Amino acid sequence: AAAAAAVVANEMAAGGVPDAVRLLSPASSGSSQVCIPTWTKTTSTLVVRPWETSVMTNRTLQADRGLGQLAGCVHSSAASPRSLAPVESSLETPVAPSSKPGAASQPNRLRATAPSSAEDLAASCENASNSVSLLANVLEAFGINTSVFTLDALAAAGKGITIETRRQRYQKGPDNRTANGKRQWQYKSRRGFLLFDDYVAYAREQAENPSFKFNEPITFGTNIDFSADTWRVQLCELQRLPNFLRVVDEANMLSTLDSHILGVNTVQAYVKVPGCRTPAHQENNNFASVNINFGPGQCEWFCVEPQYFEQMENLGRSHGCEFLTDSWWPCLDELEDAGIPVVRFVQEPGETVYVNCGTVHWVQALSGCVNVAWNIGALNAYQFQSAWDRYDLQVERHMTNLVPMKQLTWKLSERSDLPDRTAVDLVRQRLEQMLKSLRQENEQVEQRKLQVLTTTHTDATHCHCCHDEIFNFWLTALRVPSARQPREYCCKCAVKQLRGPVVCHREHGIGHFEDLLRKFVRCYGLEQEMPSPNDLD
């Protein structure tokens, strides 16, 4: 692996990443058109859905924190000019036209025809009007060595590791049916674990005998974590992507987090046999996502724009499914009857799917393939507001937010490259709200005369009771049996939950956050328009 990484490093040092991208619009028959982004605002139980990832602590991955700084793999976010050209649909069997308002439509199709940092490509993908984009030729244009992502290459690199699996039932077409053929929304996917060597042998066997019968058990190899040094060669190749697609880049706000969240700001791989399905969902905290199909087979995607979230949630409930906590697979006919448009397309080997903020999507493998995926936090107002909207909703519903938005927002306050005034105002408003909350918590601690310990706590942490993100202040019992990890509570829940002596853990004094807000105001020239941090009550 080290030798291969050195080869990649030398190649990149010699030639770098080339410079031009062609963007394609399905309706453009040769005419050039620049896509300009638009900014728009848009049970007390911890539940982890089947497709969601678990949190890996910063301590566990401290040695891998520099995965974006592999030898020869560091890229800047410099931009250069691009041109536009059309691309033909890759959907082999086009969806029949329908007069209903919920008829299936096509994704935003783009094609990279020459290597470049891709400002216009990013603008098109991140545009709020494009719920999902299908990018062709990116791997070729940016010189990605796809051979290191084949099943054989992954089997050699991951020999001896254990992976997560999902036991599912093979379904024909886009429907989800019970054993007796009745349509249903609830989707069963049983979790398990298997040696990667054994799963590879299973996948190869299925590739040689690809005929499955309806309702036959199949196994999905999922959430294969690429954070370990084992996958350094693969990670180095992915750093060749244009900056807005990279898992680690200054253009990706998730790169600023102190902790690793598996599959969110780390790469995960998925090895599929025909029929493997990812149930309907939105990404964690409505962040965008990148999914690359390394083949050899195809995947079929179904996507719905985020503004139909409430309608889909109500439809799901009518079938006994909770949108945010259950595993479910929608019925296309019912969505069409309800006037909910579905973007349906086939992802060919070598194609990249960019799922924009909040897009509902579900995916099935039409044949055996290897996919890699991660989340992207585009540095713009639309992404920032979408993430906070979902964060607030899940706090209201007592659900855990995997992305620590409080930590992320304070990290953004230290940056001087927010793209426009809308983004600056949104960040400022959240900073003021959080500073007010921190002051109230500090007053509670002082009034109770609690012992305060200064602690470094970089991992994403949640209150044991309400599951809200713990930021800067958290309380534990003073005396905890040595064999037991102390339960951490927010200031509000600690009053009700903790009996006896209590200790407060604090990372920074209030003055630290007042200084951050003051510097943020000064950086963007807002001194005359905003109250002093000391005036915030």
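A quick note: this is a predicted structure, and the numbers were derived from the prediction, not measured.
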Donor-acceptor pair, side chain of [X] and main chain of [Y], under 3.5 angstrom:
X	Y	result
T422	A381	no
Q394	D389	no
N265	I376	no
N356	V132	no
E126	C357	no
S386	Y382	yes
S124	L121	no
Y199	T219	yes
S255	E250	no
N286	A387	no

With ring centroids as reference points, do W374 and F226 lie under 6.0 angstrom apart?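 Ring centroids of W374 and F226 are no less than 6.0 Å from each other.
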What heavy-atom pair brings [X] and [Y] nearest, and what distance separates the two atoms?
X	Y	answer
F149	Q234	CZ-O, 3.5 Å
T230	A157	CG2-O, 2.7 Å
R246	N252	O-ND2, 3.4 Å
R415	D417	NH2-OD2, 2.7 Å
Q407	S259	OE1-N, 4.3 Å
P107	L134	CG-CB, 4.0 Å

Run the side chain to side chain donor-acceptor pair (under 3.5 Å) test on Q184 and Q186 for me, step by step, so that the C-alpha distance in whole Å, both residues' side-chain angles and the decisive distance to 0.1 Å come before the verdict. CA-CA 6 Å; Q184 63 174 2; Q186 292 182 343; over 6 Å; no
I'd like to check [X] versus [Y] (side-chain heavy atoms, cut-off strictly below 4.5 Å). Are they in contact?
X	Y	answer
S227	L262	yes
K272	R277	no
L238	I292	yes
V363	E300	no
I510	L438	yes
L393	L324	yes
F471	W410	yes
E507	H512	no

For the atom pair [atom1] ([X]) and [atom2] ([Y]), what is the distance rounded to the nearest 0.5 Å?
X	Y	atom1	atom2	result
I261	L254	CD1	CG	7.5 Å
N371	Y270	CG	OH	9.0 Å
L517	M434	CG	CE	9.5 Å
L245	R240	CG	CZ	15.0 Å
Y187	D326	OH	CG	15.0 Å
D515	R522	CG	CZ	8.5 Å

Y354 vs L135, test: side chain to side chain contact (heavy atoms under 4.5 Å, CB included). Steps then yes/no. CA-CA 8 Å; Y354 186 97; L135 289 69; 4.2 Å; yes
Taking 4.0 angstrom as the limit, do [X] and [Y] come out as a salt bridge?
X	Y	result
E164	R166	yes
K411	D258	yes
E514	R439	yes
R421	D425	yes
R317	E313	yes
D392	R430	yes

Under the side chain to side chain contact (heavy atoms under 4.5 Å, CB included) criterion, do Q168 and C276 qualify, and how do the steps go? CA-CA 7 Å; Q168 302 176 341; C276 286; 4.3 Å; yes
From E488, H464, H505, R487, residue fulfilling side-chain hydrogen bond (donor to acceptor under 3.5 Å, both in side chains) relative to T476: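 Running side-chain hydrogen bond (donor to acceptor under 3.5 Å, both in side chains) over E488, H464, H505, R487 with T476 returns exactly one hit, H505.
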Working for side chain to side chain contact (heavy atoms under 4.5 Å, CB included), residues C490 and D468: CA-CA 8 Å; C490 66; D468 194 6; 5.8 Å; no
Return the orientation label for the [X] and [Y] ring planes: parallel under 30°, perpendicular over 60°, tilted otherwise.
X	Y	answer
F196	W231	perpendicular
W329	F302	perpendicular
W185	W328	parallel

Got a sec, which residues hit ring-ring contact (aromatic ring centres under 6.0 Å, His included) with Y524, two or more places apart in sequence or on another chain?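 Per chain and number, Y524 pairs via ring-ring contact (aromatic ring centres under 6.0 Å, His included) with F520.
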Got a sec, which residues hit ring-ring contact (aromatic ring centres under 6.0 Å, His included) with F287, two or more places apart in sequence or on another chain?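 F287: no ring-ring contact (aromatic ring centres under 6.0 Å, His included) contacts found.
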Applying side chain to side chain donor-acceptor pair (under 3.5 Å), run through S133 and N108 and close with a yes or a no. CA-CA 4 Å; S133 299; N108 174 38; 2.9 Å; yes
Just do the side chain to side chain donor-acceptor pair (under 3.5 Å) check on H361 and Q282 with the steps written out, would you? CA-CA 7 Å; H361 55 287; Q282 292 169 304; over 6 Å; no
Looking only at the side chains, is there a donor atom on one of N375 and E283 sitting less than 3.5 Å from an acceptor on the other?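 Yes, E283 and N375 have a side-chain donor paired with an acceptor closer than 3.5 Å.
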Give a yes or no on whether R167 atom CZ has more than 12 heavy-atom contacts from other residues, nucleotides or ligands under 6.0 Å away.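 Correct, the count exceeds 12.
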Could you walk me through whether E469 and N401 pass the side chain to side chain donor-acceptor pair (under 3.5 Å) test, one step at a time? CA-CA 7 Å; E469 177 190 352; N401 284 285; over 6 Å; no
Does the pair L379 and L418 meet the rule for a side chain to side chain contact (heavy atoms under 4.5 Å, CB included), with working shown? CA-CA 7 Å; L379 196 63; L418 295 183; 4.0 Å; yes
